[in-house]
Amino acid sequence: MSTFIRLDSAGCTAIWETSDSEAPLWRYWGPRLSDGVLPPKQLRETRTEPTFSLHFDQPLSIFPVLGMGWFGQTALLAHRDGADWAHAITRCEVQSVDHGVIFHLHDDVARLFIAIHATLDPETDVLRLSTKLRNDGETTLDIQSLAAGNLPLPDNAQSVRSFGGRHNGEFVPIDDVLSRSLWRRENRRGLTSHDCFPGAVVTCSDGVAFGAQLAWSGNHFQQIEWIDDGRWHWQFGEWLAPREVRLDAGESIDTPDLLATCSAEGADGVAWAFHREIRKGVQWPGGAMKPRPVHLNTWEGFYFDHDLDALKQLADAAAEIGVERFVLDDGWFHGRNDDTSSLGDWWPDLQKYPDGLAPLASHVTGLGMEFGLWVEPEMVNPDSDLFRAHPDWVLQISGRPLLTARNQLVLDMRREEVRDYLYHQIAPLLETLPISYLKWDHNRDLTHAGNHAGYREQTLGAYALFQRFRETFPDVEIEACAGGGGRIDAGISRFTHRFWTSDNIDAVSRVSIQRGFLQFMPPELMGSHVGASPAHGTGRRQSMAFRSAVARTGHFGIEFDLRKISDKDKARLAQSIADYKQSRDLIHQGRCWTGDAADGVSWTAFGDPADLMVQVLRVSAPSFRFPPPLRLPMVHRDRNYRIDINGQPGTSMQGGWIARSGLPLPRMNAETALWIILKAE
Ligand code: DGJ
């Protein structure tokens, strides 16, 4: 006997066909169906048997497995010393939970128990899937691969946008047309990576878009494979190294969560669902987000060259123009004069700070700003007291050389004594100084993660340390950084409050980097700074107006030596800070949409369809004689709008005209921004 299980949110519906002797079959995942709509028949009643095919039809299930008639990619690859490599679900029980179900699946032959947790959040439109696998046999089970979640995509899915990149160049969009070939992205760098964001957006021919992202900060894969009924199978999971996971009798493993959504409004609707979901998960000090304070970060202004008097002057200059948080970056700790030494020795450098950090911290807080500190707990330099005392604490493989990157090695976060050491080095700073913010960096990829591959355990070890700091210091916010955007994901966002989006602060580069970020993460978590001109990452020069406009669409900050700018630039920056403070609630709490007009003009809109603030950016010089119109799809088509451009009260226009024909734009030069306010009358 089959039954249908249907979950709904405001915008999405998921339907499975369950029976008590197989894994639930995927019947529908897509935009919300009207109340009461269910599949007219059981799936197999609607499918004729193809020639030369198995008599028992095996459609896509929520847990497709190998060896018993499913020929596509499988949710599990595992064996017991070569045996029990073929699997089939023999029993299925369904348990209802808030907004979802847990499917309890048993393979009574291979002695496996699988629990798939599926919830569809009615407020965010995000379907969360996760998988637990328990070894119910008496011998060890070797896991080669275990998917976090398996999703269907409809037969009109056409293309997939994933994101690649590198340090200084995150969120490069990669557009691929879906075909009958397997599409697959893998990350084996040991942390989320700059190169391969663990998510993607699939677009269908009718404009519906599907999005998914894995909440995990380690290795990962995703793949899309065409299946015989014309649909596609989208799967996400951790990428596991050989023998990385073995389960002894009775042991189990839990996958990270897979977050999935879909929207008839395309990629923007997908972004909105993810923003709402990530927002819900962030654990803010005090239980609610306070207005995101204007940052000053010392890195590009000072690098390792810390001089107490200069830093105090910097703090004075920052406070004067409205900065609210001063973050002391790398260079403050014992012996750290360049990037060749000292990671691991987490006490103040007494040459630079003879009386410790208290004089600077209290100077900063005395000016009314918060004080934040940079750390990179998971790392150690060979030239450090820590490494000299505990060379065995780094991730290594016997007989293999240690491989450095940025002159550093990675501590073995699987070891409790390592995590304890780090905690007991850094906690006293938080206990004795007025530190309300940690910037937590991770500046290299993992290579040989232990004699027995331990990428996954390394990630869990890092999470445990994050958690310990969060529990003991719940009022301290944490910024996730990994050489810029190497650890941006929904897994780390449970412990952190901001991402450092990229080390590339060049405003032109930032336009596309930030746009990619906003596909998956909300603007209040997007660290975006005004850097120096020329930009350190690219050597390009941009005006203060353009740099500060680009930074204003995220969590605003400054990262250069403020003491060295002209009065004119200082006044411009102070104005941008004031504007940011005025608009941050709108940007950080409402919805955002992104899009392109013609001829290289892009835009981001914030707020609500009746009350919008739109930033229009032109990066390169126009090639059209006349500026392109700005079409905004979200406006109410039956209402009239008052429109201000750059603070100048302008015209009024019908929403239908703005949506379909577009708002005429004034001429814009390269590297300029416009701000447009639209209010429905
Ligand atoms: C990489 C980060 O992304 C930078 O912002 C800075 O904190 C440096 N590390 C410090 O070493």
Side-chain angles (χ1 to χ4, degrees), residues 165-171 189 191-195 217 295-306 311 314 325-346 348-349 352 357 371-381 383-384 404-411 426 435 437-446 462 477-489 492 496-507 509-510 513-514 517 525-532 535-538 551 554-561:
R166 63 171 174 95
H167 172 239
N168 267 345
E170 293 83 348
F171 287 106
R189 289 179 182 268
L191 81 163
T192 322
S193 87
H194 301 86
D195 311 54
S217 313
H295 267 223
L296 181 129
N297 180 295
T298 58
W299 180 239
E300 288 203 352
F302 286 74
Y303 292 109
F304 299 100
D305 190 11
H306 290 206
L311 288 165
L314 179 73
R325 180 183 277 159
F326 182 101
V327 182
L328 186 66
D329 210 282
D330 196 354
W332 60 267
F333 49 97
H334 176 65
R336 182 74 165 174
N337 296 317
D338 55 34
D339 67 9
T340 61
S341 77
S342 306
L343 290 171
D345 300 347
W346 300 111
D349 184 77
K352 297 176 189 172
L357 295 177
F371 184 69
L373 194 64
W374 178 93
V375 287
E376 194 179 3
E378 294 139 273
M379 297 296 151
V380 62
N381 287 114
D383 182 4
S384 65
T404 47
R406 206 194 188 207
N407 311 302
Q408 60 198 54
L409 299 166
V410 186
L411 290 168
I426 295 167
I435 296 174
Y437 189 79
L438 279 182
K439 177 177 172 189
W440 187 313
D441 211 340
H442 183 301
N443 283 308
R444 61 160 292 176
D445 298 325
L446 307 191
E477 288 187 18
I478 302 180
E479 174 171 6
C481 173
R487 189 151 61 180
I488 296 175
D489 62 79
I492 204 87
T496 57
H497 309 90
R498 188 189 209 241
F499 292 110
W500 181 224
T501 316
S502 176
D503 274 354
N504 184 351
I505 320 181
D506 172 309
S509 307
R510 274 297 183 119
I513 294 174
Q514 295 185 175
F517 178 99
L525 303 188
M526 183 170 76
S528 34
H529 293 178
V530 178
H536 294 196
T538 63
H555 178 179
F556 190 92
I558 297 171
E559 191 169 333
F560 63 92
D561 189 350

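Sequential numbering from 1 along the given sequence is applied to the chain's residues. Indexing begins at 1, ligand by ligand and atom by atom, following the structure's order.
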Shortest non-hydrogen contact between [X] and [Y], atoms and distance:
| X | Y | answer |
| --- | --- | --- |
| Ala551 | Ser528 | O-OG, 3.0 Å |
| Ser342 | Asn381 | N-OD1, 3.3 Å |
| Thr501 | Ile513 | CG2-CG2, 3.9 Å |
| Phe333 | Asp349 | O-CB, 3.4 Å |

inquiry  = Could you check whether any heavy atom of Glu376 sits closer than 4.0 Å to an atom of ligand 1, since that is the contact criterion I want to use?
reply    = no
Glu559: heavy atom below 4.0 Å from ligand 1, yes or no? no
Notebook entry, point to check: Where do Asp329 and Phe302 land on the side-chain contact (heavy atoms from CB on, under 4.5 Å) test, with the steps shown first?
Noted result: CA-CA 9 Å; Asp329 210 282; Phe302 286 74; over 6 Å; no
**Q.** Stepwise side-chain contact (heavy atoms from CB on, under 4.5 Å) check, Arg444 with Arg406
**A.** CA-CA 7 Å; Arg444 61 160 292 176; Arg406 206 194 188 207; 5.6 Å; no
request  = Step through it carefully: locate the ring centre of Phe304, locate the ring centre of Trp299, and say whether they are under 6.0 Å apart.
outcome  = yes
Q: Verify salt bridge (Lys or Arg N to Asp or Glu O under 4.0 Å) between Glu479 and Arg498, making sure each step is shown before the conclusion.
A: CA-CA 5 Å; Glu479 174 171 6; Arg498 188 189 209 241; 3.1 Å; yes
Ligand 1 atoms nearer than 4.0 angstrom to some heavy atom of Gly484 are 3 (O)
Atoms of ligand 1 under 4.0 Å from any heavy atom of Trp500, numbered from 1 in the order shown, are 3 (O), 5 (O)
Below 3.5 Å, N or O to N or O, backbone or side chain included: is there any such pair between [X] and ligand 1?
| X | value |
| --- | --- |
| Cys481 | no |
| Trp374 | yes |
| Asn443 | yes |

[atom] [closest protein heavy-atom partner, distance rounded to 0.1 Å]:
| atom | value |
| --- | --- |
| atom 5 (O) of ligand 1 | Lys439 NZ, 2.7 Å |
| atom 11 (O) of ligand 1 | Asp330 OD2, 2.6 Å |
| atom 7 (O) of ligand 1 | Asp329 OD1, 2.7 Å |
| atom 9 (N) of ligand 1 | Asp441 OD2, 2.7 Å |
| atom 4 (C) of ligand 1 | Asp503 OD1, 3.3 Å |

Honestly, for Met379 the part within reach of ligand 1 (heavy atoms, under 4.0 Å) is neither
For Phe499 and Phe517, take the angle between the two ring planes, folded into 0 to 90°, and tell me which bin it lands in: parallel under 30, tilted 30 to 60, perpendicular over 60.
perpendicular
